[in-house]
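First comes the structure, then the notes that go with it.
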Amino acid sequence: MTRIFSGVKPTGHLTLGNYLGAVRRWAEVDQHRADALFCIVDLHALTVDHDPARVLRLSRQAATLLLASGLDPEVCTVFVQSHVDEHARLSYLLECVATDGEMRRMIQYKEKAARERARGGSVRLSLLTYPVLMAADILAYGADEVPVGDDQTQHVELTRDVAVRFNQRYGHTFVVPRATRPEVAARVMNLQEPTSKMGKSDDVGPGVVYLLDEPDAVRRKVARAVTDSGTEVAYDREERPGISNLLEILAACAGGDPEELSGGYTSYGALKKDTADAVVELLRPVQERHKELCADPAEVERVLRDGAARARETARPTVDAAYRAIGLLPAAD
Ligand code: AMP
Ligand code: TRP
């Protein structure tokens, strides 16, 4: 059976971009067609300045929202990265296989490091080695497929390179995974700045719709979305990024094709209204289920405990095999 692994970082509240670009597909498609593991990658949240209490809160919230979005712990494995030691154990070995040049070429590293330096801050070493930990996440489970948005494909490519190199040097140990991407709304853009992605780490978000936003907040944000000069509703990512983003969101929420949908509108206002309605309807059941789960935190904890136990069992043999293959003396039982 195909194995799937994906992760979400608890660095901010989950957004509509996370949902349309990743989580919805995990729930509707991936968990049913494969042996799937979904991980709250809390160790990755420590690669930039962080507030411990916030990371803790967001990790719990992300787990609750993944379940509210339809991930079924009877069908797939939902767990927290730091609960399973194998990630960190394997990451170190992969640091001995990847090169410093490879790390420095990563676009996400270059962008985040430049931003941090521009603010006069320092760059954590873990930001540089981030892709190796991500590779460990994936390779420890022998994942065949890694569903991610566009921004993560470079990291999955690196994971492949590291897996191939390890296998060549030390004998076949890892499955070589591949990135898969959703067809619609692979990249949801910020409503205020439609040329950059709707990211959850943005501090405040007039242009970011969060999964837990009240209907009024959703309507306000969509109504204030930046549109392009001109008045015609046309789908053109380059020339009309604002309107095209709304068309893509509408298509992803309500079905249809952005280009075809554009023909049904003569005004920006009507498009915004329908888009807001579609987003509100999409989020309603997720928010209702989230509320129920929040009333029963012990249940979420139980799911995460079981998930971690299952994940550990799956990862352990592969990570042990990697330790042996690379030349480390096995510990006596
Ligand atoms: P992150 O928020 O960076 O932890 O990403 C979690 C998952 O959601 C990854 O697969 C991302 O590629 C995806 N994702 C995050 N933001 C967006 C967005 N604006 N559009 C589409 N996918 C996204
Ligand atoms: N780096 C990913 C992101 O920013 C999160 C992540 C960490 C991940 N480990 C992973 C995604 C393993 C897929 C597989 O979105």
Side-chain angles (χ1 to χ4, degrees), residues 4-31 36-42 44-45 47-48 54-55 57-71 76 78-81 108 112 130 134 137 145-153 155-156 179-194 196-214 217-218 221-222 225 245-246 248-253 275 278-287 289-290 293 300:
I4 290 183
F5 184 99
S6 200
V8 60
K9 261 194 326 272
T11 45
H13 298 280
L14 286 183
T15 71
L16 184 66
N18 292 127
Y19 187 73
L20 293 177
V23 180
R24 182 170 68 168
R25 195 182 168 89
W26 301 350
E28 288 179 358
V29 183
D30 293 334
Q31 68 172 347
L37 298 110
F38 299 105
C39 185
I40 291 97
V41 288
D42 54 351
H44 279 99
T47 54
V48 288
R54 185 161 189 267
V55 168
R57 209 170 48 241
L58 289 173
S59 296
R60 192 175 286 133
Q61 189 193 71
T64 311
L65 271 171
L66 290 186
L67 299 175
S69 300
L71 293 189
C76 66
V78 180
F79 71 106
V80 175
Q81 187 184 30
Q108 183 174 295
K112 287 194 176 172
Y130 177 119
M134 179 163 164
D137 298 339
E145 291 182 16
V146 186
V148 283
D150 289 351
D151 59 320
Q152 293 301 313
T153 47
H155 290 157
V156 180
T180 55
R181 50 193 299 263
E183 280 144 32
V184 197
R187 204 166 155 84
V188 179
M189 308 311 257
N190 187 302
L191 297 175
Q192 289 297 320
E193 216 179 302
S196 45
K197 106 170 174 166
M198 185 184 281
K200 65 172 143 55
S201 312
D202 298 347
D203 295 337
V204 272
V208 180
V209 174
Y210 297 99
L211 286 192
L212 291 177
D213 275 351
E214 301 279 343
V218 173
K221 288 174 182 178
V222 175
N245 189 32
L246 292 176
E248 287 200 14
I249 292 171
L250 176 61
C253 293
T275 304
V279 174
V280 168
E281 283 314 309
L282 182 83
L283 298 186
R284 191 191 308 280
V286 176
Q287 295 183 350
R289 180 85 185 107
H290 177 263
L293 285 165
V300 177

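Note: hydrogens, waters and symmetry copies are ignored here, and every other heavy atom, side chains too, is used.
When all heavy atoms of Ser6 and Val148 are compared, the closest pair comes out as OG-CG1, 4.1 Å. Contact detail for Gly70 and Ala27: the closest heavy-atom pair is C-CB, 3.9 Å. Contact record, His44 with Thr47: O-OG1, 2.7 Å, taken as the closest heavy-atom pair. Annotation for Ala179 and Val156: closest pair N-CG1, 3.6 Å, computed over non-hydrogen atoms. In plain terms, the two heavy atoms of Val208 and Met198 that are nearest each other are CG1-CG, 3.8 Å. Across Ala36 and Cys76, no two heavy atoms sit closer than the pair O-CB, 3.4 Å.
Contact of the Leu58 side chain with the Thr11 side chain is not registered, since no non-hydrogen atoms from C-beta on lie closer than 4.5 Å. For the pair Leu20/Glu248, no side-chain contact is recorded, criterion being any heavy-atom separation below 4.5 Å from C-beta on. Looking at heavy atoms from C-beta onward, Leu212 lies in side-chain contact with Leu65 at the 4.5 angstrom threshold.
Atom CG of Leu66 is separated from atom SG of Cys39 by 10.0 Å, given to the nearest 0.5 angstrom. Separation of atoms CG (Asp30) and CD1 (Ile4) is listed at 4.0 Å; rounding is to 0.5 Å. One distance of note links NZ of Lys221 with CG of Asn190; it measures 10.0 Å at 0.5 Å rounding. Separation of atoms CG (Leu282) and CG (Leu211) is listed at 8.5 Å; rounding is to 0.5 Å. To the nearest 0.5 angstrom, Asp150 atom CG is 9.5 Å from Lys197 atom NZ.
The side-chain hydrogen bond (donor to acceptor under 3.5 Å, both in side chains) test applied to Gln31 returns no partner, not counting sequence neighbours. Looking at residues two or more places apart in sequence or on another chain, you find no side-chain hydrogen bond (donor to acceptor under 3.5 Å, both in side chains) involving Glu214. In this structure, Glu28 has no side-chain hydrogen bond (donor to acceptor under 3.5 Å, both in side chains) partners at least two apart in sequence or on a different chain. Looking at residues two or more places apart in sequence or on another chain, you find a side chain to side chain contact (heavy atoms under 4.5 Å, CB included) between Asn18 and Leu14, Thr15, Lys200. Under the salt bridge (Lys or Arg N to Asp or Glu O under 4.0 Å) criterion, Glu281 pairs with Arg284, sequence neighbours left out. Residues satisfying the side-chain hydrogen bond (donor to acceptor under 3.5 Å, both in side chains) criterion with Tyr130, sequence neighbours excluded, are Lys9. The salt bridge (Lys or Arg N to Asp or Glu O under 4.0 Å) check on Asp42 picks up nothing, with sequence neighbours excluded. Listed by chain and residue number, Val286, Arg289, His290, Leu293 satisfy the side chain to side chain contact (heavy atoms under 4.5 Å, CB included) test with Ala68 (two or more places apart in sequence, or in another chain). Applying the ring-ring contact (aromatic ring centres under 6.0 Å, His included) rule to Phe5 yields the partners Tyr141; only residues at least two apart in sequence or on another chain are considered.
The main-chain N or O of Met189 is found under 3.5 Å from a side-chain atom of Asn245 such that the two form a donor-acceptor pair. Looking only at distances, no side-chain donor or acceptor of Arg181 sits under 3.5 Å from a matching main-chain atom of Thr153. Remark: side-chain polar atoms of Ser59 are not paired, donor with acceptor, to backbone N or O of Pro10 under 3.5 angstrom.
None of Val209, Leu250, Asp213 except one satisfies the side chain to side chain contact (heavy atoms under 4.5 Å, CB included) rule with Val279; the exception is Val209.
In summary, the side chains of Gln81 and Asp137 do present a donor paired with an acceptor at a separation below 3.5 Å, with no hydrogens or angles considered.
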